[in-house]
Amino acid sequence: MAPKHQAPRGTRDLLPADTTLWSWAEQAARGVLARYGFGELRTPIFEDYELFARTAGESSDVVQKEMYRFTDLGERALALRPEFTAGVMRAYLEHGLGGRARVHRLWSTGPVFRYGRPQKGRYRQFHQLNCELVGSPAPGADVEMITLFVDLYEAWGFRDLTVLVNSVGQPASRRIYGDRLREWLAPVHDRLSADSQARLVTNPLRVLDTKDEGDHALFRELGAMPRLLDVLDAADRQHWDAVVAGLDAAGVKYEIDHGLVRGLDYYTRTAFEVHDRSLGAQSALGGGGRYDGLVEMLGGAPTPGVGFAIGLDRALLVLEERGVKADEPDVVCLVSMDATRAAATALARELRREFVVECDVEARGFGAQMKAAGKSGARFLVLMGEEEWKRGEVALKDSKTGTQETLAREALAAAIRAKKGEAK
Ligand code: HAM
């Protein structure tokens, strides 16, 4: 019989077999983030609806079709976070972080929610690893963030990633670019999708983000698309040149993608993404950029910032498909007899300060315990025979080397440690 309840569409359970890899990836990321001097920030999973609506952009898919909005019992208009950046900047202002230090490096992780059509790599509840460098307008900050972005993937075993970069300029250059796009698209205007025609009026850049195949065919028909980089003003251009030079100096591989516009409206100047074609349509593994106007949108003093989010579900999907496995710990399994059962509980507790230990809790016989140990793949078996135990000894079997030795109970931990090759 099918169970009465199933996880809501677009959400999934991560079972212990899955979370081992997730925990490993998170641990590896924590190490990289600590070495880059980032501090962890935890913000609420829901915020005022207005916070997201104002920052993501009225014409973005996130606001128009994807937000999980709700009204709570106190009639407050709230939304589950569709991304981290708005909440991070809200917290930055609320706690006056700007007054405490000039530059802040903040990272966060957890579930985010977007109401989309679920498919491979696309969920309604997914997970991001989000990083923001707040307070510096310098191109060096963009370079450091793109370097961190790549180093996080590399810590998970990704190699030779190519980051796609572009500059979306400041609002003034974007307006000029919008006019160029309208002129370029004028001959095919009536054949564009209804969505793109509407976007051409409200936010022309967003047309480049269209998922409609017909639109893309029209773009190809028209040929050379106007480039944002060609309409940047002198200051934006200088910033862009410095970012590209910085990436070269840092040895980061990148490609300039003139069609890269990002799905949220708060970006200024640098925008970047990384893709993996093995994911099919949902190929973006992560993305980000600079957002110098965002804090002002929230009523704060002008504060530059640059950041990115990595889609953890997608990154882990790729790793799983490549057969990447988290390191399995060497397990120690205690095998006791009736007479040593009680002692096994105490010994297990002691060894668990240091090792992963399995110990029977069902008063099973010696044979059943041995069978269970074989099945679980434990490397070390500690055989607690009655006579040996009385003499203060146990037998240690190492199934990796196939050796067995009898040793003093007190020498057990040191012997396991030595065999694992971990001098303590
Ligand atoms: P975003 O490009 O909207 O950026 O999302 C970042 C990543 O989240 C995507 O590249 C993708 O891997 C993952 N993602 C997005 N939607 C889904 C989904 N439905 N299912 C699974 N994964 C998904 C942001 O969210 C910005 N806040 C990044 C940022 C931080 N910009 C500046 N600071």
Side-chain angles (χ1 to χ4, degrees), residues 9-12 14 25 38 41 43 47 51-52 55-57 60-63 65-68 80-92 104-134 141-142 144-146 148-149 152-153 156 158 161 163-166 168 206 209 211 260-276 278-295 297 303-319:
R9 189 165 143 75
T11 71
R12 56 203 185 123
L14 295 171
F38 275 67
L41 171 68
T43 59
E47 302 258 8
L51 173 73
F52 300 121
T55 52
S60 65
D61 278 355
V62 166
V63 172
K65 333 180 188 160
E66 296 180 348
M67 197 101 79
Y68 271 91
L80 298 183
R81 64 183 175 208
E83 59 124 27
F84 277 95
T85 313
V88 170
M89 300 320 292
R90 193 262 318 132
Y92 175 89
H104 288 265
R105 289 176 170 82
L106 305 166
W107 77 276
S108 309
T109 192
V112 267
F113 306 85
R114 293 184 194 174
Y115 188 82
R117 198 168 53 80
Q119 53 186 291
K120 184 181 175 190
R122 181 165 173 177
Y123 310 100
R124 291 181 175 170
Q125 172 173 331
F126 58 102
H127 304 77
Q128 285 187 343
L129 175 70
N130 188 83
C131 301
E132 313 288 359
L133 190 159
V134 192
D142 308 39
E144 184 176 277
M145 290 308 275
I146 297 174
L148 166 63
F149 186 56
L152 284 165
Y153 291 106
W156 296 330
F158 285 86
L161 281 181
V163 186
L164 304 178
V165 287
N166 195 15
V168 296
R206 190 92 16 265
D209 216 17
K211 308 280 179 299
L260 175 68
V261 288
R262 308 284 299 128
L264 298 151
D265 279 355
Y266 50 62
Y267 292 106
T268 53
R269 296 186 164 172
T270 318
F272 54 93
E273 283 181 357
V274 56
H275 289 252
D276 187 292
S278 73
L279 282 170
Q282 304 303 317
S283 67
L285 285 186
R290 181 165 275 290
Y291 48 84
D292 292 346
L294 180 58
V295 176
M297 285 183 211
T303 309
V306 52
F308 61 79
I310 290 176
L312 289 173
D313 305 74
R314 291 186 192 170
L316 280 140
L317 208 61
V318 173
L319 291 178

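Whatever order the structure lists them in is the order used to number ligands and atoms, beginning at 1. All values reported here derive from a predicted model rather than from experimental measurement.
- Atom 13 (C) of ligand 1 has as its closest protein heavy atom Gly311 CA, 3.6 Å.
- Distances from atom 4 (O) of ligand 1 to the heavy atoms of Arg117, Arg114, Arg262 show the closest one on Arg262.
- At distances below 3.5 Å, not a single donor-acceptor pair connects side-chain atoms of Lys65 with backbone N or O atoms of Val63.
- Counting protein heavy atoms only, atom 30 (C) of ligand 1 is closest to Thr85 OG1, 3.0 Å.
- Summary of contacts: the protein heavy atom closest to atom 5 (O) of ligand 1 is Gln128 NE2, 3.2 Å.
- Remark: the backbone N or O of Met297 is not paired with any side-chain donor or acceptor of Tyr266 at under 3.5 angstrom.
- Relative to atom 23 (C) of ligand 1, the option among Tyr115, Phe126, Phe113 with the closest non-hydrogen atom is Phe126.
- Listed by number with element, the atoms of ligand 1 under 4.0 Å from a non-hydrogen atom of Gly287 are 10 (O), 28 (C).
- For the pair Arg290 (side chain) and Tyr267 (backbone), a donor-acceptor distance under 3.5 Å is absent.
- Here is the list of ligand 1 atoms found below 4.0 Å of a heavy atom in Tyr266: 26 (C), 27 (N), 31 (N).
- Where the criterion is an N or O separation shorter than 3.5 Å, residue side chain and backbone included, Asp313 fails it with respect to ligand 1.
- Ligand-side atoms of ligand 1 in range of Leu285: 10 (O), 12 (O), range being under 4.0 angstrom from any heavy atom.
- The minimum heavy-atom distance linking Pro118 with Gly10 is given by the pair CG-CA, 3.8 Å.
- At a heavy-atom distance under 4.0 Å, no atom of Val62 approaches ligand 1.
- Closest heavy-atom approach to atom 11 (C) of ligand 1 among the candidates Ala284, Pro82, Cys131, Gly10: Ala284.
- For ligand 1, none of its N or O atoms has an N or O atom of Arg122 under 3.5 Å away.
- Only the backbone of Phe308 comes within 4.0 Å of ligand 1, counting heavy atoms alone; no side-chain atom from C-beta on gets that close.
- Within 6.0 Å of atom OH in Tyr68, more than 12 heavy atoms from other residues, nucleotides or ligands are found, so the atom counts as buried in its surroundings.
- In terms of protein heavy-atom proximity, atom 24 (C) of ligand 1 is closest to Leu264 CD1, 3.6 Å.
- A pairwise comparison of heavy atoms in Phe126 and Tyr123 identifies CD2-O, 3.6 Å as the closest pair.
- For ligand 1, one of its N or O atoms has an N or O atom of Glu83 under 3.5 Å away.
- Ranking protein heavy atoms by distance to atom 21 (C) of ligand 1, first place goes to Gly121 O, 3.2 Å.
- Residue Arg124 does not touch ligand 1, judged by heavy-atom distances below 4.0 Å.
- Of the listed residues (Phe84, Phe272, Tyr267), the one carrying the non-hydrogen atom nearest atom 28 (C) of ligand 1 is Tyr267.
- Panel note: side chain Ser283, backbone Asp276; no donor-acceptor pair is recorded below 3.5 Å.
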Go through Arg262 and Glu273 one step at a time and tell me if the salt bridge (Lys or Arg N to Asp or Glu O under 4.0 Å) criterion holds. CA-CA 8 Å; Arg262 308 284 299 128; Glu273 283 181 357; 2.9 Å; yes

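- Side chains of Thr85 and Tyr291: a donor-acceptor N/O pair is absent below 3.5 angstrom, by distance only.
- Residues Asp292 and Gly305 approach most closely at OD1-N, 3.3 Å, considering heavy atoms.
- The atoms of ligand 1 that sit less than 4.0 Å from any heavy atom of Gly288 are 31 (N).
- By the criterion of a heavy-atom distance under 4.0 Å, the side chain of Glu132, and not its backbone, is placed next to ligand 1.
- Closest approach of Ser108 and Leu41 over heavy atoms only: OG-O, 2.8 Å.
- The salt bridge (Lys or Arg N to Asp or Glu O under 4.0 Å) test applied to Arg105 returns Glu144, not counting sequence neighbours.
- Among the atoms of Tyr123, some N or O lies under 3.5 angstrom from an N or O of ligand 1.
- The closest donor-acceptor contact from the side chain of Thr270 to the backbone of Asp142 lies at 3.5 Å or more, if one exists at all.
- The atoms of ligand 1 that sit less than 4.0 Å from any heavy atom of Asn130 are 30 (C).
- Ligand 1 places these atoms under 4.0 Å from at least one heavy atom of Ala309: 6 (C), 7 (C), 28 (C), 29 (C), 30 (C).
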Please tabulate, one pair per line, all N/O donor-acceptor pairs under 3.5 Å involving side-chain atoms of residues 306-319, not counting sequence neighbours.
residue: Asp313; atom: OD1; partner: His127; partner atom: N; Å: 2.6
residue: Asp313; atom: OD1; partner: His127; partner atom: ND1; Å: 3.4
residue: Asp313; atom: OD2; partner: Arg12; partner atom: NH2; Å: 2.7
residue: Asp313; atom: OD2; partner: His127; partner atom: ND1; Å: 3.3
residue: Arg314; atom: NE; partner: Gly121; partner atom: O; Å: 2.6
residue: Arg314; atom: NH1; partner: Ala284; partner atom: O; Å: 2.8
residue: Arg314; atom: NH2; partner: Gly121; partner atom: O; Å: 3.2
residue: Arg314; atom: NH2; partner: Gln282; partner atom: OE1; Å: 3.2

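- Within the listing of ligand 1, atoms 10 (O), 12 (O) sit less than 4.0 angstrom from a heavy atom of Gly286.
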